[in-house]
Undergrad: 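Here's a structure for you.
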Amino acid sequence: MIDILIDVFSWVLLILGGVCVLIGGIGGLRLPNFYTRIHAASLTDTMGAILIFVGMMLQSGLTLATLKLFAIMLFLLLTGPTATYALANAALLSGLKPDTGSNHDEVEKEEPAE
Amino acid sequence: MIFVFAIFLLSLLVITSIAIVRTTNLFVAVMLTSIFSFLMAANFFILDAADVALTEAAVGAGVTTVIFLCALALTGEREKPRINGRKTARVAVAILASLMIYATFDKPRLGDPDAPVHQHIAPWYIEKTTEHMDFPNVVTAILSSFRGYDTLGEVFVVFAACIGVLFILGVPPPAQKRLNKVVEQNKGLRHHLIPQVVGRLVIPFIVLFGLYTQFHGEYGPGGGFQAGAIIATGIILYALLEGENKALQAVPRSVLLGMVIGGALLFGSVGVICMFMGGNFLEYSVLSADPIWGQQLGILVIEAGVGMAVCGALLSIFHAFAARENVS
Amino acid sequence: MDLIAHLPALQVVIPMLSAPLMVLLQPRGLAWAGATVVALVSFAMAATLAIGVLNGLTPQYFMGGWPAPFGIALSVDAFSAVLLLIVTGASAGALLAAKPSVDQQVEEERQPLFYAAWMLAMAGLIGIVVAADAFNIFVFMEISSLASYILIAGGPDRRALPAVFKYLTMGTIGATFYLIGVGLIYMMTGTLNIEDMQNRIGDVTDINPILVAAGFITIGLALKAAVFPLHVWVPNAYTHAPHMVTVFLAACATKVSLYVLIKFDYLVFQSRLVDHDMQFALFLMPMAILGILIASAVAMFEGHLKRLLASSSIAQIGYILLCASFISTLGLSASVVHLFNHALAKGGLFLAVACLAYHYRDLRLDQLGGASTKMPWTCATVVICGLSLIGIPGTAGFISKWLLISASLQIGPWGWFLVAIILLSSLMAVAYVWRIIEALYFKAPVEGVGPQSEAPIQLLAVTMLVAALNLYFGFFPQVPLELATEAAGMLLEGAQ
Amino acid sequence: MKLLELLGYFNYWVFAIVLMVGLYAVISKANLIKKLIGLSIFQSAVFLMYITMDKVEGGTAPIIQKGVENQIFSNPLPQVLILTAIVVGVSTLALGLAMVVRIKESYGTIEENEILDAD
């Protein structure tokens with residue numbers, strides 16, 4: 001019984017995580033400028049990653065794999081937001097102003113090519 | 001299920017490669033190349049090549065990207081458009097591609113266990129690894145013993161690249177604008193407090209993981225190349241965060257060059273010692289009274305040599321690029 | 001430890017392991033001395049191996065003691081013995097003479113790296129020649145290519161850099177094509193050992209991948225060997241490289257790729273592909289003939305001495321390929337002998353160029369007037385090696401031309417057409433060699449340039465030695481002939 | 001079933017296409033760095049071909065686990081070859097980039113046609 005509960009719970013977490021990452025991806029495509037985009041990508045990614053990792057840890061039970069997953073999660077938790085911060089900081093330093101109003105602005109040239 | 005996933009990844013691979021060719025911003029192209037390498041690594045993993053996936057991720061996505069970026073900083077990141085000669089190239093390439101796709105239909109299908117590749121010599125390796133080395137990773141066994149001579153050659157390819165970069169960039173750049181550059185160099189990333197703190201936290205673990213891959217290579221995926229590349233990326237990260245000079249203080253150039261030379265010579269001298277002890281070149285079995293132990297000892301030492309040489313070479317190459325002043 | 005049994009391995013390992021040591025030899029001149037000693041030792045080993053082969057041995061060596069198709073084997077046969085002699089001989093000769101010229105062209109603090117790269121290039125070329133494993137050939141091909149990129153990039157002129165870059169891209173494409181070909185053969189046969197491939201390729205039922213593999217390997221190696229339409233990297237790379245590097249690479253680098261090409265064609269593909277000899281005749285022979293004619297014509301109108309000789313090299317590659325495409329004992333031995341003789345003639349010519357370049361900064365033909373009065377010995381060697389290049393009786397070049405003509409007469413009525421082409425191209429060779437001689441002997445010196453004395457004795461002595469060898473092998477060609485005949489027999493045996 | 005059989009060749013098609021995309025970049029782009037990027041794509045495609053042929057249906061990575069009988073392993077040999085080839089690729093790339101940096105310094109440009117014009 002408890003096994004089934006854990007299984008169901010872990011799948012709920014996995015799916016939630018997947019939805020989070022998907023939303024982040026859509027945000028990265030749809031949002032108007034650089035800062036909002038990395039905002040979307042970074043926040044949802046971190047959340048999604050945590051959910052997915054916890055889900056996977058529940059799936060694998062008390063094994064060595066869980067420990068490894070935990071280590072990877074910790075690593076991602078540290079590096080993901082830092083990378084986003086460094087990215088935003090670099091953009092700010094190279095002269096990209098955070099834009100609060102209009103949709104299109106000088107941001108265009110910073111976008112990766114589609 | 002994994003089949004669908006593989007096809008998805010492979011399609012992404014094609015899309016990424018086309019995007020790389022189409023963009024005119026070289027910075028974007030380099031970033032996409034890094035993504036391309038990661039996709040490639042994921043594909044390798046699906047195809048059961050754990051060692052190769054690890055190497056491609058560390059070398060292809062990590063070190064290559066850094067070296068590319070260093071070079072871009074020195075050369076500028078815009079590509080000028082050019083029109084002539086494209087059509088013929090496109091046609092030629094399309095014809096070649098369709099010819100090659102046509103030729104695939106006689107090839108063994110993916111995963112076909114009856115393919116000739118899996119019949120002749122491959123089972124021998126799997127059988128003999130337990131018999132002669134008594135450790136689980138067959139890839140490491142082939143890499144360092146059955147085909148150890150190839151690996152020796154490969155270490156010397158890395159050595160050649162290292163001395164080549166040092167030789168070619170050994171010419172001082174034409175002296176222009178040197179003064180105003182000095183100020184900028186010292187600045188580094190000093191005011192980036194958060195990356196620095198996180199970096200200090202993470203770098204020891206990267207190096208630790210590198211050492212784990214180095215010495216656990218007989219049991220799991222990993223070995224000298226992967227370890228060398230991972231440790232090198234750790235130190236490159238340090239150099240990016242703390243400034244290149246501090247990284248050079250920690251591991252000076254002479255030490256790096258010493259690692260390359262020492263690693264290459266260590267590998268070679270193991271082979272020569274085998275000769276003196278009555279075996280063929282690189283025949284580790286003669287190193288000890290117990291042939292299995294001899295093999296394990298030899299493999300341990302040469303893997304250490306490979307790790308040293310690769311790590312030293314990649315870092316020397318990185319420093320050679322990073323220390324170059326931009327004159328444009 | 002039985003040294004003789006280990007020779008095939010030591011032949012590769014000694015120069016390779018000496019490369020890291022070269023880097024450590026910082027004080028002036030030590031790196032050069034070390035490299036020269038290693039090259040001479042290699043040459044002695046190659047000579048020992050060649051003598052062994054002449055006495056009927058075919059040394060085999062199993063790396064790591066693993067049996068052949070599983071581990072990596074090395075083997076030395078008559079064909080590879082010739083190539084070994086060429087590579088080690090060219091390297092030893094060039095290094096013996098190198099010091100004055102390299103001191104002039106490469107900065108002192110960069111010299112240890114330069115000589116280390118030289119050792120790697122030599123080890124790589126030797127490694128290709130002795131390898132009996134298709135993938136191992138790729139690894140050593142990369143060592144030798146990377147090292148030769150480094151060597152050529154050592155040229156003092158900035159134009160060396162784009163030249164090397166072109167060489168690097170084309171060389172990498174060539175090597176990757178070769179890798180694809182090897183992968184396809186491996187896919188169909190399940191082995192990497194060349195001899196094993198030869199045995200197993202007959203059992204392959206699906207022919208398409210083998211055909212594609214043959215195409216990739218031929219094109220890839222032709223790129224590396226500078227076969228005619230794929231030669232575009234050669235003239236610039238040879239022209240702007242340091243002079244001694246040109247001597248070394250022109251004498252052996254492309255020839256080693258040609259060796260692999262011929263070996264693969266005869267040993268692996270020939271026995272398998274139906275009508276493969278036709279394919280050879282229809283595809284490679286026209287390339288060879290076009291290459292001979294066009295490159296000779298380009299050489300006739302070229303104004304720069306080194307470029308002229310580089311064009312002539314492309315024509316000579318054409319001769320070697322033409323001989324090989326007859327698929328007869330005589331043709332193949334002509335091919336092997338020409339490999340040897342051309343290395344002698346071209347090596348001697350480029351050495352003489354290095355002598356001239358010691359005093360002349362600009363090597364265009366119209367700048368070289370009057371050289372004969374100040375540098376008579378150098379100019380005499382140019383004449384001898386030039387005659388050998390044309391194929392005048394009494395020089396080494398004559399032997400291979402003679403064999404070539406007799407081989408083409410063997411193949412029936414078409415043979416006369418080929419003889420006509422060979423004679424025509426020889427006339428063209430007369431024309432471009434004459435242009436060099438005219439410039440050296442009969443033109444008035446240009447104001448302000450010109451030497452005061454001969455080239456340094458070290459450089460000159462080696463140059464004259466090579467010229468003397470050109471004459472010696474013109475009168476006593478037994479050793480190369482014997483090796484070549486044996487090599488041809490071995491290759492054709494594989495084709496049956 | 002027929003479709004699945006065709007998809008068994010999908011890896012080789014991707015290999016062919018990516019290979020040619022890389023080759024196209026090398027021969028048609030004038031920018032030297034772009035050429036090198038193309039070269040590295042070109043080489044990566046070959047890695048894919050080798051690794052594709054090592055896969056055995058139902059196999060695992062060739063790491064022998066003690067006590068497990070009748071395991072199927074994928075072929076380890078192509079993996080070893082590609083490990084070598086990856087390192088060769090990165091070495092060539094580093095050397096090429098060093099040359100590009102020097103070309104930029106002495107010519108002021110890294111576009112091939114401009115370099116040709118300069119001499």
Side-chain angles (χ1 to χ4, degrees), chain B residues 99-100 102-108 115-122 124-125 128 132 142 145-154 156-157 159-161 163-168 170-171 257 260-265 268-269 271-272 274-286 298, chain C residues 1 6 9-10 12-13 16-17 19-21 23-24 61-66 69-72 74 107 109-110 113-114 116-117 120-121 123-124 127 133 135-136 139-140 142-143 146-147 149-150 153-154 161 184 186-193 196 200 203-209 211-212:
Chain B
L99 263 180
M100 285 171 60
Y102 168 72
T104 55
F105 290 109
D106 278 355
K107 286 177 191 168
V117 190
H118 306 308
Q119 304 305 323
H120 183 41
I121 56 178
W124 188 89
Y125 289 126
K128 297 288 169 175
H132 289 297
I142 302 177
S145 184
F146 295 124
R147 294 185 70 90
Y149 181 53
D150 268 353
T151 311
L152 178 66
E154 187 186 349
F156 275 85
V157 171
F159 173 73
I163 62 167
V165 171
L166 293 181
F167 180 75
I168 292 171
V171 178
L257 196 60
V260 184
I261 295 172
L265 283 180
S269 53
V272 176
C274 292
M275 269 183 185
F276 278 113
M277 294 182 72
N280 274 1
F281 189 68
L282 295 176
E283 186 171 354
Y284 313 127
S285 309
V286 297
Chain C
M1 158 167 125
H6 285 298
L10 287 176
V12 187
V13 169
M16 194 150 84
L17 289 185
L21 294 175
V23 181
L24 297 176
Y61 193 82
F62 299 112
M63 280 292 170
W66 304 112
F70 309 111
I72 297 172
L74 306 182
E107 297 89 337
E109 66 272 13
R110 293 207 296 162
L113 294 175
F114 179 82
L120 283 178
D133 184 283
F135 189 80
N136 196 242
V139 173
F140 279 86
E142 283 299 323
I143 296 183
L146 284 187
Y149 307 149
I150 301 168
L161 294 165
L184 289 173
Y186 172 58
M187 189 189 278
M188 303 317 286
T189 63
T191 183
L192 289 167
N193 187 283
D196 204 27
R200 292 177 63 88
D203 305 332
V204 176
T205 43
D206 304 318
I207 196 79
N208 272 355
L211 265 176
V212 176

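Just so we're on the same page: letters track the sequence lines, and every chain starts at 1.
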Undergrad: Let's test your reading of the structure: which of C:Gly65, C:Ala19, C:Gly127, C:Ala153 forms the most heavy-atom pairs below 4.5 Å with chain B?
TA: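 Ranked by contacts with chain B, first place is C:Gly65.
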Undergrad: For B:His118, is it the side chain, the backbone, both or neither that has a heavy atom under 4.5 Å from a heavy atom of chain C?
TA: neither
Undergrad: Using a 4.5 Å cut-off on heavy atoms from C-beta on, say whether the side chain of B:Leu265 contacts that of C:Leu21.
TA: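 C:Leu21 reaches B:Leu265 side chain to side chain.
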Undergrad: A side-chain contact here means heavy atoms from C-beta on lying under 4.5 Å apart; do B:Leu166 and C:Arg110 qualify?
TA: no
Undergrad: What's the shortest heavy-atom distance between B:Tyr125 and C:Pro69, and which atoms?
TA: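 Closest heavy-atom pair between B:Tyr125 and C:Pro69: OH-O, 4.3 Å.
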Undergrad: Contact part of B:Leu257 toward chain C, heavy-atom cut-off under 4.5 Å: side chain, backbone, both or neither?
TA: side chain
Undergrad: With a 4.5 Å heavy-atom cut-off, do B:Ile168 and C:Tyr149 have their side chains touching?
TA: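 A side-chain contact is absent here, since even the closest heavy-atom pair is not under 4.5 Å.
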Undergrad: Return the set of residues passing side-chain contact (heavy atoms from CB on, under 4.5 Å) with C:Ile143 (not counting sequence neighbours), or none when no residue passes.
TA: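 Applying side-chain contact (heavy atoms from CB on, under 4.5 Å) to C:Ile143 gives B:Phe156, B:Val157, C:Met16, C:Leu120, C:Phe140.
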Undergrad: Nearest heavy-atom pair of C:Ala116 and B:Ile163: which atoms, and what distance?
TA: CB-CD1, 3.8 Å
Undergrad: For C:Leu146 versus B:Ala161, what's the shortest heavy-atom pair and its separation?
TA: CD1-N, 4.4 Å
Undergrad: Which residue out of C:Asp196, C:Val212, C:Leu24 racks up the most heavy-atom pairs below 4.5 Å with chain B?
TA: C:Asp196
Undergrad: Which is it for C:Val139 and B:Tyr149 under the side-chain contact (heavy atoms from CB on, under 4.5 Å) test, yes or no, and what are the steps along the way?
TA: CA-CA 10 Å; C:Val139 173; B:Tyr149 181 53; over 6 Å; no
Undergrad: Kindly write out the residues that satisfy ring pair (Phe, Tyr, Trp, His ring centres under 6.0 Å) with C:Tyr186, not counting sequence neighbours, or none if the list is empty.
TA: none
Undergrad: With a 4.5 angstrom heavy-atom cut-off, which part of C:Asn193 approaches chain B: side chain, backbone, both or neither?
TA: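 Neither part.
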Undergrad: So do the side chains of C:Trp66 and B:Trp124 get within less than 4.5 Å of each other, counting heavy atoms only?
TA: yes
Undergrad: For C:Thr189, which atoms come within 4.5 Å of any heavy atom of chain B: side chain, backbone, both, or neither?
TA: backbone
Undergrad: Would you say B:Asn280's side chain and C:Gly64's backbone share a donor-acceptor pair under 3.5 angstrom?
TA: no
Undergrad: Can you tell which of B:Val286, B:Leu282, B:Ile121 has the highest number of heavy-atom pairs within less than 4.5 Å of chain C?
TA: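 Looking at each of B:Val286, B:Leu282, B:Ile121 in turn, B:Ile121 comes out on top.
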Undergrad: Which word best sums up how the rings of B:Phe167 and C:Phe114 line up, parallel for under 30°, tilted for 30 to 60°, or perpendicular for over 60°?
TA: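 Correct class here is tilted.
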Undergrad: Please report the interatomic distance SG(B:Cys274) to NE2(C:His6), rounded to the nearest 0.5 Å.
TA: 10.0 Å
Undergrad: Please look at C:Ala121 and chain B and tell me whether the side chain, the backbone, both or neither of the residue comes under 4.5 angstrom of a heavy atom of that chain.
TA: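 No part of it gets close to chain B.
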Undergrad: Given a strict heavy-atom distance threshold of 4.5 Å, which part of C:Val13 is in contact with chain B: side chain, backbone, both, or neither?
TA: side chain
Undergrad: Measure across B:Phe159 and C:Pro20 and return the closest heavy-atom pair with its distance rounded to 0.1 Å.
TA: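 Scanning both residues completely, I find the closest heavy atoms to be CZ-CA, 3.5 Å.
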Undergrad: Side chains of C:Phe135 and B:Arg147: closer than 4.5 Å at any heavy-atom pair?
TA: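 Yes, side chains in contact.
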Undergrad: Restricting to non-hydrogen atoms, name the atom on C:Ala9 and the atom on B:Met275 that form the minimum distance, rounded to 0.1 Å.
TA: CB-CE, 4.0 Å
